[in-house]
Amino acid sequence: MRVDGQPTRTIRAAPGRDAVEIIDQRWLPHRFVIERLADVASVQQAIRDMWVRGAPLIGATAAHGIALQAIADASDEALAGSAAFLEAARPTAVNLAWAVRRMLKHLLAVAVPLRAAAAWDEAQAIADADVLVNAAIGRHGLALIREIAARKPGPVRVLTHCNAGWLATVDWGTATAPIYQAHAAGIPVHVWVDETRPRNQGASLTAWELGHEGVPHTVIADNAGGHLMQHGEVDLVVVGCDRVTSQGDVCNKIGTYLKALAARDNGVPFYVAMPTSTLDLALGDGVAEVHIEERTGREVTHITGRAASGELIEVQLTPDGSPAANPAFDVTPARLVTALITEHGVMPATAGALRRLMGSS
Ligand code: MRU
């Protein structure tokens, strides 16, 4: 998608294939910073400390981390060590393990001297495939938005949570791909952007990228969604996902579950945009089985923003000494999901549909 009119991806290999360049998302929306990562340790830090984030982008970044390892030492032991190191950076999004294991499987079948070149090619293939997958999700989601637009006047009002936009992927985003395609097709859309406490990926990232594409949107406090749905102000909810289990339970950013409950109570369709790389068939009951990342309480007690002086500052919100808990994700049971929007089409969040999907893809 575009930044100041320039088509931009979130990640690219440096021209000499000796480093990877990423958008450092810690500074958005106030500063646009490209960071150069030249070794596995920097890639691990960028994932762990959320310079890059979002399930598909974490996977693509880790794949480039393996490519950097292959330059330094492409032995079986070194690659396996880096794979384990990268996988441990963040526990919840399954795309991280998916991408690292795909890289490892591919490289172990290649002669050691050829591994560095093969690794850059494979990392590039993972990034390019992500763009195609998200574009396909966009086309399938566009059909849903078109149907709604055909039966009501005014813009189609979409509520989204967190950032499942192009900043969370290599390009297009997952939840935002149908929105961008509808906007490009001339269908009027308006996006309710959940701020998404505690890290505010909606307010900082989704709002920023929608703005650069000229998509009408309004940032709302996380607590406003239920009220808007009760008053008929939301036509559909579309969110992304970090791990979807074999029975269709959806793990996504904390607060997603509450939006699904409100949507069900108000008859608002609740869609999950899901690339098949986010499916984890090893898990069944998402609530019981998904490992939910616990992040520092400081993300709850403190907040960073731009002061009137233009300086970025961090301030404390809570009384000294009040402890804070910070589970970063929650699980929405499949029964609350209207449908999954995948690169292969729109399908129910059921074990049978997911089995058929994986049998045919
Ligand atoms: O903690 P984050 O910012 O990595 O969490 C991201 C989300 O939960 C996204 O909604 C999800 O990864 C889908 S990204 C297309």
Side-chain angles (χ1 to χ4, degrees), residues 1 10-11 22-26 28 46-62 89-99 127 130-131 133-138 141 158-180 191 193-206 208-209 222 237-244 250-260 270-280 286 290-296 299-300 326-332 337 340-343:
M1 308 310 290
T10 52
I11 185 165
I22 52 129
I23 300 171
D24 188 339
Q25 300 188 22
R26 290 174 301 167
L28 289 173
I47 296 171
R48 189 192 63 215
D49 296 343
M50 295 179 68
W51 309 9
V52 291
R53 26 71 48 209
L57 180 58
I58 292 173
T61 308
R90 292 194 71 193
T92 301
V94 72
N95 305 59
L96 175 56
W98 170 86
D130 181 63
V131 179
V133 161
N134 298 333
I137 287 173
V158 186
L159 184 142
T160 192
H161 191 69
C162 193
N163 173 261
W166 72 267
L167 289 168
T169 66
V170 179
D171 207 348
W172 282 111
T174 56
T176 54
I179 296 167
Y180 289 132
V191 185
V193 179
D194 279 355
E195 61 176 349
T196 317
R197 283 280 291 148
R199 284 186 68 98
N200 294 310
Q201 290 96 326
S204 313
L205 305 176
T206 306
W208 180 82
E209 57 166 89
D222 289 324
V237 178
V238 188
V239 297
C241 51
D242 291 85
R243 199 178 282 253
V244 175
V250 172
C251 179
N252 191 48
K253 181 51 55 188
I254 193 77
T256 303
Y257 172 49
L258 287 174
K259 295 302 141 73
F270 182 91
Y271 292 104
V272 175
M274 183 201 79
T276 50
S277 55
T278 309
L279 196 51
D280 183 355
V290 176
H291 178 182
I292 301 292
E293 177 181 12
E294 283 283 341
R295 297 187 60 86
T296 170
E299 292 180 350
V300 177
N326 188 10
F329 297 91
D330 62 24
V331 173
T332 298
V337 176
L340 303 168
I341 310 171
T342 79
E343 68 268 36

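In each ligand, atom 1 is the first atom listed, and ligand 1 is the first ligand listed. Every value quoted in this text rests on a predicted model; they were computed, and no experiment measured them. The figures that follow rest on heavy atoms only: side chains count, while hydrogens, waters and symmetry mates do not.
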Colleague: Identify the protein heavy atom lying closest to atom 10 (O) of ligand 1, giving its residue, its atom name and the separation to 0.1 Å.
Modeller: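 Answer, as residue, atom name and distance: Asn252 OD1, 2.9 Å.
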
Colleague: For ligand 1, which atoms, with element, lie under 4.0 Å from some heavy atom of Pro56?
Modeller: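 With Pro56 as reference, the close atoms of ligand 1 come out as 14 (S), 15 (C).
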
Colleague: Any idea which atoms of ligand 1 are less than 4.0 Å away from a heavy-atom of Ala55?
Modeller: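 So the answer, numbered in order with elements, is 12 (O), 14 (S).
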
Colleague: For atom 6 (C) of ligand 1, what's the nearest protein heavy atom and its distance?
Modeller: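 Its nearest protein heavy-atom neighbour is Arg53 NH2, 3.5 Å.
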
Colleague: Any heavy atom of Arg199 sitting closer than 4.0 Å to ligand 1?
Modeller: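 Arg199: no contact with ligand 1 (<4.0 Å).
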
Colleague: Would you indicate whether the side-chain heavy atoms of Asp242 and Asn252 approach each other to under 4.5 Å?
Modeller: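 Yes - at least one pair of side-chain heavy atoms lies under 4.5 Å apart.
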
Colleague: Tell me the closest heavy-atom pair linking Ala177 and Gly173, and the distance in Å.
Modeller: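 Minimum heavy-atom separation between Ala177 and Gly173: CB-O, 3.4 Å.
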
Colleague: Are Leu205 and Thr196 close enough that some pair of their side-chain heavy atoms sits under 4.5 Å apart?
Modeller: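 No, too far: nothing below the 4.5 Å cut-off.
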
Colleague: Could you list which atoms of ligand 1 come closer than 4.0 Å to a heavy atom of Lys253?
Modeller: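 Those of ligand 1 that fall under 4.0 Å from Lys253 are 1 (O), 2 (P), 5 (O), 8 (O).
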
Colleague: Pull out every atom of ligand 1 sitting under 4.0 Å from any heavy atom of Asn163, numbered as shown with elements.
Modeller: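 The list of qualifying atoms is 9 (C), 10 (O).
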
Colleague: For ligand 1, which atoms sit closer than 4.0 Å to a heavy atom of Gln201?
Modeller: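 Checking each atom against Gln201, I get 1 (O), 2 (P), 3 (O).
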
Colleague: Give me the nearest non-hydrogen protein atom to atom 12 (O) of ligand 1 as residue plus atom name, then the distance to 0.1 Å.
Modeller: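 Here the nearest protein heavy atom works out to Asp242 OD2, 2.8 Å.
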
Colleague: Hey, does Cys241 sit under 4.0 Å from ligand 1 if you only count heavy atoms?
Modeller: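 Yes, Cys241 has heavy atoms under 4.0 Å from ligand 1.
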
Colleague: With a 4.5 Å limit on heavy-atom distance, are the side chains of Val337 and Thr332 in contact?
Modeller: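 Heavy-atom side-chain distance check passes, below 4.5 Å.
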
Colleague: With a cut-off of 4.0 Å, which atoms of ligand 1 are near a heavy atom of Met50?
Modeller: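 Counting atoms of ligand 1 from 1, those under 4.0 Å from Met50 are 1 (O), 2 (P), 3 (O).
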
Colleague: So, regarding Gly240 and ligand 1 (criterion: nitrogen or oxygen to nitrogen or oxygen, under 3.5 Å), is there a contact or not?
Modeller: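 There is no such contact.
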
Colleague: Between Thr278 and Asn95, is any side-chain donor less than 3.5 angstrom from a side-chain acceptor?
Modeller: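 Yes - a donor-acceptor pair under 3.5 Å links their side chains.
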
Colleague: Taking the basic N atoms (NZ, or NE/NH1/NH2) and the acidic carboxylate oxygens, is any pair closer than 4.0 Å for Asp280 and Arg243?
Modeller: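 Salt bridge between Asp280 and Arg243, a charged N being under 4.0 Å from a carboxylate O: yes.
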
Colleague: Under 4.0 Å from a heavy atom of Arg90: which atoms of ligand 1 are those, numbered in the order shown and with their elements?
Modeller: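 Counting from 1, the qualifying ligand atoms are 1 (O), 2 (P), 4 (O).
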
Colleague: Against heavy atoms of Ala168, which atoms of ligand 1 measure under 4.0 Å?
Modeller: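 So the answer, numbered in order with elements, is 14 (S), 15 (C).
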
Colleague: What part of Glu293 sits under 4.0 Å from ligand 1 if we count only heavy atoms: the side chain, the backbone, both or neither?
Modeller: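 For Glu293, no heavy atom sits under 4.0 Å from ligand 1.
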
Colleague: Below 4.0 angstrom, N of the basic side chain to O of the carboxylate: do Arg295 and Glu293 qualify?
Modeller: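 A salt bridge links Arg295 with Glu293.
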
Colleague: Tell me: protein heavy atom nearest atom 15 (C) of ligand 1, and distance?
Modeller: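 For atom 15 (C) of ligand 1, the nearest protein heavy atom is Thr174 OG1, 3.0 Å.
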
Colleague: Looking only at the side chains, is there a donor atom on one of Arg53 and Gln25 sitting less than 3.5 Å from an acceptor on the other?
Modeller: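 Yes, a side-chain donor-acceptor pair sits under 3.5 Å.
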
Colleague: Compute whether any side-chain donor of one residue and acceptor of the other, for Asn163 and Glu209, lie under 3.5 angstrom apart.
Modeller: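 Checked: Asn163/Glu209 side chains pair up, N/O donor to acceptor below 3.5 Å.
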
Colleague: With heavy-atom distances below 4.5 Å as the criterion, would you say the side chains of Asn134 and Ile137 are in contact?
Modeller: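 Of all side-chain heavy-atom pairs linking Ile137 with Asn134, at least one is under 4.5 Å.
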
